[in-house]
Amino acid sequence: MRVDYLRVSVTDRCNLRCIYCNPLGGCDFIDRKEILRFEEIHRLVRLFAECGIRKVRLTGGEPLVRKNIIRLVRELAGISGIEELSLTTNGVLLEPIAAELKDTGLKRVNISLGSAERECYRQITGFDLLSKVTDGIYKAIEVGLTPVKINSVVIKGINISQIPALVEMSVRLPVLVRFIEYCPTSRYTSPANYYVPNGKVRKIIERKFGPLSSVVVGNASGPALYFKVEGSAGAIGFISGRSSIFCQQCNRLRLTSDGKVKPCLYSSHCYDLKKLIRSGANDEAVLDIMRRILREKNNYTRLNSSVRDFSMQNIGG
Ligand code: SAM
């Protein structure tokens with residue numbers, strides 16, 4: 001598998017406290033001086049592009065809370081070799097800046113949304129901000145940050161009842177609504193409490209909407225499998241990171257907000273590029289390590305990992 005996709009977490013800070021990611025009271029933030037500066041992110045992305053990275057996704061924390069994010073988007077979009085720059089956001093701050101993000105070179109957005117109903121949304125995220133997110137979704141469609149993908153982590157006892165309303169969004173709007181299996185990130189959040197297999201989500205959908213037909217979306221290189229409810233403007237997808245294993249198809253690296261590259265989400269192994277660049281390493285030395293990371297990527301997979309505690313808001317999902 002050619003590794004050409006880099007997810008860059010630009011901050012571990014977030015304006016929401018989603019129960020599956022960074023619940024209220026559950027977070028320790030990284031010291032600000034340990035977070036990569038824009039010029040450091042730019043340099044690392046430029047060098048990764050020399051090693052064959054073609055797609056970059058900004059994530060977090062919440063990338064839109066990072067000050068001057070539009071400047072970073074402009075700078076990264078201008079790097080030779082980067083063909084697609086996208087962003088994963090909770091959507092709360094998106095509406096007022098969506099057009100400017102598009103104009104500065106962002107291609108598309110993924111927006112996290114676990115509920116189309118106000119009270120359930122508040123229960124998941126800790127904040128009564130659903131209308132801001134829906135405004136952001138409409139605006140993203142309007143300005144062409146497309147295809148807009150809606151990411152919904154399904155949580156037992158919290159938002160199973162919201163599945164039909166989320167599917168309805170894909171019927172009404174040209175969006176891809178993706179159901180994501182909960183991934184346990186801490187030894188304290190037992191999967192038994194939260195995890196709902198996508199097989200069950202699919203059954204709930206088919207009971208209400210009838211059989212789903214499979215569709216191909218874009219270049220189909222990601223982990224999602226897509227389906228359509230008959231007559232819908234968009235499609236739905238399933239990302240089944242717990243009930244199935246797609247390590248063989250994994251084409252991505254993750255750069256954490258404090259400058260470490262993780263070859264596998266589930267592995268504790270990482271390469272500290274911030275330490276390297278802050279120690280004064282020249283481009284050739286950084287490229288050497290990057291090439292090694294790409295060579296060694298397949299040594300680290302969920303199949304041989306035993307990581308139990310990690311921070312999604314630092315890694316970026
Ligand atoms: N703040 C942005 C947002 O909410 O989309 C970006 C960061 S968030 C960490 C990125 C992605 O991680 C989201 O799409 C979310 O669905 C996913 N995520 C976070 N915690 C997760 C978990 N425990 N299991 C599965 N997906 C998770």
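Atoms within each ligand, like the ligands themselves, are counted from 1 in listed order.
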Handout entry: Arg43 NZ/CZ over Phe48 ring centroid, <6.0 Å and within 45° of normal
Key = no

Handout entry: Per-residue contact class, Thr89 against ligand 1 - non-hydrogen pairs under 4.0 Å
Key =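 Backbone only; the side chain of Thr89 stays clear of ligand 1.
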
Practice task
Check whether Ile30 and Phe38 end up in the same hydrophobic cluster, where Ile, Leu, Val, Met, Phe, Trp and Tyr are linked by side-chain heavy atoms less than 4.5 Å apart.
Solution key: no

Handout entry: Path from Met1 to Ile245 over hydrophobic side-chain contacts below 4.5 Å
Key = no

Practice task
Could you say whether the N/O atoms of Gly60 and ligand 1 ever approach to under 3.5 Å?
Solution key: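 No, Gly60 has no N/O under 3.5 Å of an N/O on ligand 1.
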
Handout entry: Any N or O of Tyr20 closer than 3.5 Å to N or O of ligand 1
Key = yes

Handout entry: Option with minimal heavy-atom separation from atom 27 (C) of ligand 1, where the choices are Met312, Lys149, Arg178, Glu62
Key = Met312

Exercise for the section: In plain terms, say whether Arg202 and Glu206 are close enough for a salt bridge, that is, a side-chain N and a carboxylate O under 4.0 Å apart. Expected result: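 Looking at Glu206 together with Arg202, the answer is yes, because their closest N to O distance falls below 4.0 Å.
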
Handout entry: Side-chain ion pair, Glu284 and Arg291, N-O less than 4.0 Å
Key =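 Judged by the 4.0 Å cut-off on N to carboxylate O distance, Glu284 and Arg291 do form a salt bridge.
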
To the nearest 0.1 Å, how far is [atom] from its closest protein heavy atom, and which atom is that?
| atom | value |
| --- | --- |
| atom 6 (C) of ligand 1 | Gly61 O, 3.3 Å |
| atom 26 (N) of ligand 1 | Val153 CG2, 3.7 Å |
| atom 24 (N) of ligand 1 | Cys183 N, 2.9 Å |
| atom 11 (C) of ligand 1 | Gly317 CA, 4.0 Å |
| atom 10 (C) of ligand 1 | Gly316 O, 3.5 Å |

Exercise for the section: Assess the side chains of Ser213 and Glu230: does a donor N or O sit below 3.5 Å from an acceptor N or O? Expected result: no

Going by the order shown, which atoms of ligand 1 are within less than 4.0 Å of some heavy atom of [X]?
| X | answer |
| --- | --- |
| Asn151 | 14 (O) |
| Glu181 | 25 (C) |
| Ser112 | 3 (C), 4 (O), 5 (O), 13 (C), 14 (O) |

Handout entry: From Arg252, Lys55, Arg57, residue fulfilling side-chain hydrogen bond (donor to acceptor under 3.5 Å, both in side chains) relative to Tyr5
Key =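 So the option named by the test is Arg57.
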
Problem - Between OG1 on residue Thr256 and CG on residue Asp258, distance to nearest 0.5 Å - result: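 Rounded to the nearest 0.5 Å, the OG1-CG separation comes out at 4.0 Å.
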
Problem - Contact with ligand 1 for Cys18, non-hydrogen, under 4.0 angstrom - result: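 In this structure, Cys18 fails to qualify as a contact of ligand 1 - no heavy atom is under 4.0 Å.
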
